[in-house]
Structures are given as C-alpha cells and as structure tokens.
Asks: 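Below is the structure I would like to discuss, written out as structure tokens.
Note that ligands are numbered from 1 as they come in the structure, with each ligand's atoms numbered from 1 the same way.
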Amino acid sequence: MPRLDEAQLAVGRAFDALAARLNQLPKPGLLGRLFSRGAALPKGLYVWGHVGRGKTMLMDSFFASVQGLPKRRVHFNGFMQEVHAARARLKSDDVIGDIADGIARDTKLLCLDEMQVTDIADAMILGRLFEALLARGVVLVTTSNQPPDGLYKDGLNRQLFLPFIARLKEALEVVHLGEGPDYRLGRIAARHTYVTPLGPAADAALDALWSDLTDGVGGEAMEITILGRSLHVPRAAHGCARFSFSDLCEKPLAAPDYLALAQNFSTVFIDHLPVLKASERNEAKRLILLIDTLYDAGTRLVVSAAAAPEALCPAGPHRLEFLRTASRLREMQSQSWWQKAA
Ligand SMILES: Nc1ncnc2c1ncn2[C@@H]1O[C@H](COP(=O)(O)OP(=O)(O)O)[C@@H](O)[C@H]1O
Ligand SMILES: [Mg+2]
C-alpha cells in the first residue's frame with residue numbers, strides 16, 4: 001500500500017480493529033454455531049468519503065487481512081443484481097429470508113463496494129435484506145461516496161427508506177474518510193478531458209484516461225433500472241461509465257435516464273461527439289439535456305469530439321440554446337471542476 005494520509009490512517013485503524021476482532025473469532029466448527037446465534041459479533045463498518053480517497057483500497061486491504069472466515073467482496077450494484085435475479089427465481093413466502101440464508105451459508109463477512117441507492121426496487125428491499133443478513137450473523141462492510149443520510153436522496157417514496165438509514169447507522173460503525181487528496185486526480189492532472197478532433201489518437205487518449213481513472217480494470221457492461229426500465233451501460237468501473245454519443249443521444253433516452261447516470265456515476269465518458277446537423281434536433285436536445293444534468297450533478301466528464309464545444313451545434317433550432325451547453329462543456333474541463341466534482 002502507498003503511504004497513507006492522516007484521514008486514511010484513521011480509517012485504516014478502524015479497519016484494523018475490525019480485522020483483529022474477526023480474526024480472534026473461534027475458527028470453523030465453533031464458528032458456525034457462534035455465528036448462527038449472532039453472539040459476540042463485532043459491528044461492521046460503513047466507510048464513506050469523496051471519490052479517489054482510497055476507500056476501495058483500504059477495504060481491499062482489510063478484506064485480505066481477514067483470515068479463516070468465509071468472506072466475499074463484491075460491488076454493490078453487482079450484488080443487488082444477484083439479489084433481484086434470485087427474487088425473480090425463488091418462489092416462497094419469505095424470499096428475502098431465503099436469499100439471506102443462501103448468502104449467510106457461505107459468507108460471514110460481506111464487503112460491498114460503492115454502495116449507492118438510486119433505484120426504488122433496491123430501496124424497498126434493502127431494509128429487509130440487511131436485517132435478515134444481520135440476524136444471520138453476517139458482518140457487513142460497505143463503502144460509499146455518501147453518508148448514510150445521503151442515500152437515496154430525492155428518491156421516490158424516500159420516507160419508506162428512512163428506517164433503513166436509521167438501522168444502518170445503528171448496526172454499522174459509520175466512518176468518514178475525510179479531507180485529503182483525490183489520488184486518482186493526481187494521475188490525470190494536466191491532461192485534456194475534452195479531446196478533439198476524432199480519430200485513433202482521440203480514442204487512445206480516452207482509453208488511457210479510462211485506464212487511469214479505473215485503475216486499469218477495464219470495466220464491464222451493466223444495467224441500471226429506472227422506473228422499471230433498464231438503461232444499458234456498455235462499460236462501468238470504479239464509479240466511471242463509458243458510452244458513445246449514439247448510446248446516449250441517438251436513442252430515445254430522456255431526463256430520468258440522464259439523472260440516473262448522474263446519480264450512479266461520478267465520471268461519465270462520452271466517445272465521438274459529432275458536429276450536429278441542423279436536422280438532428282432530437283440529438284441536439286438530448287445532448288443539451290444530458291450535459292445540463294451532468295453539470296447540475298457535478299459529474300466529471302471526459303469526451304472526444306469532432307470539434308470545439310462552440311462548434312458542435314452550428315445550425316438548427318437549438319443553436320442558441322447550445323451556447324450554454326458549450327460554456328458548460330468548457331467549465332467541466334477545468335481543473336477546478338474536477339477538484340470539486342464528486
Ligand atoms: N495515500 C495514497 N497515496 C497514493 N495513492 C493512493 C493513496 N491512497 C489511494 N491511492 C490510489 O488512489 C486511487 C484511488 O483509490 P480508491 O481506493 O479507488 O478510491 P475510492 O474508492 O475512494 O474512490 C487508487 O489507485 C489508489 O491505489
Ligand atoms: Mg472505490
């Protein structure tokens with residue numbers, strides 16, 4: 001591990017204390033019984049902080065240091081997709097209980113990276129699911145960009161979600177990975193995040209930025225569900241999502257899709273912004289809405305484009321409105337935007 005800053009050291013101590021307690025637990029055999037009674041289990045951790053602060057790194061190092069205990073580390077979104085798939089598959093009066101049984105059978109430490117709740121389907125089952133896991137003696141550790149009180153913010157029927165937040169704060173120790181550098185940002189400082197013109201060099205520049213911002217993991221396709229529909233994300237990793245212009249603006253996407261994007265990702269990559277023709281009104285309208293939404297959410301943006309922002313929409317009914325978009329596209333390339341964006 002690299003040399004840790006002060007805030008990281010404090011969080012590292014909380015992780016070490018939990019690892020020590022987990023490592024002291026009686027080993028399997030005894031363990032099974034102990035866990036099934038839920039006795040003497042340490043509280044799990046909820047670690048939150050800004051992107052690039054080292055949450056995933058610290059959790060992974062903690063995860064590796066826990067020995068002799070069935071453990072699992074998974075991305076929160078992937079975990080919830082498994083849960084929804086199991087819900088669709090299982091037929092019983094207590095589907096959540098059955099899912100929790102299945103998890104608890106071979107996982108006593110469950111680490112969920114990048115917890116974020118934007119989908120009502122997740123929001124409505126998380127309370128019961130966590131309760132069922134805790135009751136079965138599963139120790140939960142999660143990382144998130146938000147404090148518990150910020151989860152599912154502005155979500156539909158949020159009042160139904162509030163008991164879960166209260167329970168989360170009671171059941172897990174909430175630790176803030178506070179002020180300090182965004183280490184990922186350090187790596188891309190002074191690089192262009194608006195790359196023009198299009199071509200192999202631009203593609204390679206975006207690939208390199210993608211690799212730096214996702215720690216070289218490549219990423220995988222995923223689906224986000226929005227009001228019962230599904231938005232396909234061609235590549236996602238470490239809070240970053242990558243699309244082409246046609247994925248986002250040539251398909252019939254609308255405001256809720258763009259909002260879900262902004263809520264789910266701290267950084268959005270868009271390959272191949274073209275110069276729009278006067279006839280491409282819907283595309284222009286969507287691009288304006290997309291950039292407005294990402295701008296309002298403080299999202300970081302990396303794009304490759306055929307021309308400078310001011311030249312992307314030279315004609316057509318949205319030409320004047322696009323001036324604001326162009327100005328936002330410029331602002332979103334600035335160092336200060338990247339520093340403050342979350
Ligand atoms: N103290 C540090 N010094 C140098 N690099 C660091 C430090 N802490 C974290 N990093 C690196 O910064 C990047 C972001 O860390 P990560 O754990 O992914 O952040 P988060 O999960 O909070 O977004 C990783 O590549 C990590 O190895
Ligand atoms: Mg992370």
Asks: Which residues, ordered by chain and number, are linked to Leu323 in its hydrophobic cluster, where ILVMFWY side chains connect at heavy-atom gaps below 4.5 Å, directly or through other members?
Replies: Leu320
Asks: In chain order, what residues pass the ring pair (Phe, Tyr, Trp, His ring centres under 6.0 Å) check against Tyr46, with sequence neighbours excluded?
Replies: none
Asks: Within the structure, is a non-hydrogen atom of Met1 found at a distance of less than 4.0 Å from ligand 1?
Replies: no
Asks: Tell me how many protein N, O or S atoms are within a distance shorter than 2.8 Å of the Mg ion (ligand 2).
Replies: 1
Asks: Quick one: which residue pairs count as a side chain to side chain donor-acceptor pair (under 3.5 Å) with a foot in residues 250-263, not counting sequence neighbours?
Replies: Arg229-Asp257
Asks: Could you tell me, atom by atom, which parts of ligand 1 come under 4.0 Å of a heavy atom of Val51?
Replies: 23 (O)
Asks: Check the side chains of Gln116 and Tyr152 for a donor-acceptor pair under 3.5 angstrom, ignoring hydrogens and angles.
Replies: no
Asks: Test your reading of the structure: does Gly52 have an N or O sitting under 3.5 Å from an N or O of ligand 1?
Replies: yes
Asks: Short list, please: which atoms of ligand 1 are under 4.0 Å from a heavy atom of Arg53?
Replies: 19 (O), 20 (P), 22 (O)
Asks: Between Asp207 and Arg242, does any side-chain N to carboxylate O distance fall below 4.0 Å?
Replies: yes
Asks: Does Glu131 come within less than 4.0 Å of Arg167, counting only side-chain N to carboxylate O?
Replies: yes
Asks: Is there a polar contact, in the sense of an N or O pair closer than 3.5 Å, between Met57 and ligand 1?
Replies: yes
Asks: Can Asp182 and Arg53 be counted as an ion pair, charged N to O under 4.0 angstrom?
Replies: no
Asks: His50 heavy atoms, cut-off 4.0 Å: which ligand 1 atoms fall inside?
Replies: 22 (O)
Asks: Which is closest to atom 19 (O) of ligand 1 in terms of heavy atoms, Gly180, Ser266, Ser144, Gly54?
Replies: Gly54
Asks: Would you kindly say whether Asp122 and His84 are connected by a side-chain donor-acceptor distance under 3.5 Å?
Replies: yes
Asks: Of all the non-hydrogen atoms in the protein, which one sits nearest to atom 13 (C) of ligand 1, and at what distance?
Replies: Arg187 NH2, 3.4 Å
Asks: Where is the nearest protein heavy atom to atom 18 (O) of ligand 1: which residue, which atom, and how far?
Replies: Arg184 NH2, 2.4 Å
Asks: Does Arg328 pair with Glu321 as a salt bridge, N-O distance under 4.0 Å?
Replies: no
Asks: Side chain to side chain contact (heavy atoms under 4.5 Å, CB included) for Asn157 and Met124? Distances and angles first, verdict last.
Replies: CA-CA 9 Å; Asn157 287 335; Met124 293 306 124; 4.3 Å; yes
Asks: Going by the closest heavy atom to atom 21 (O) of ligand 1, which one wins out of Leu177, Leu4, Val47, Thr56?
Replies: Thr56
Asks: Do any N/O atoms on Arg3 end up under 3.5 angstrom from N/O atoms on ligand 1?
Replies: yes
Asks: Using a strict 4.0 Å cut-off to heavy atoms of Pro2, name the atoms of ligand 1 that fall inside it.
Replies: 2 (C), 3 (N), 4 (C), 5 (N), 6 (C), 7 (C)
Asks: Does a side-chain N-to-carboxylate-O contact under 4.0 Å join Arg72 and Asp106?
Replies: no
Asks: What residue and atom, counting heavy atoms only, is the protein's closest point to atom 8 (N) of ligand 1, and at what distance?
Replies: Gln8 NE2, 2.9 Å
Asks: Compute the centroid of each ring, for Phe243 and then for Phe269, and state whether the two points are separated by less than 6.0 Å.
Replies: no
Asks: Among all protein heavy atoms, pick the one closest to atom 12 (O) of ligand 1 and tell me residue, atom and distance.
Replies: Tyr183 CB, 3.1 Å
Asks: Charged N to carboxylate O below 4.0 Å: is that the case for Asp149 and Lys169?
Replies: yes
Asks: Does any N/O atom on Asp215 come nearer than 3.5 Å to any N/O atom on ligand 1?
Replies: yes
Asks: Counting heavy atoms only, which part of Glu114 comes closer than 4.0 Å to ligand 1: side chain, backbone, both or neither?
Replies: neither
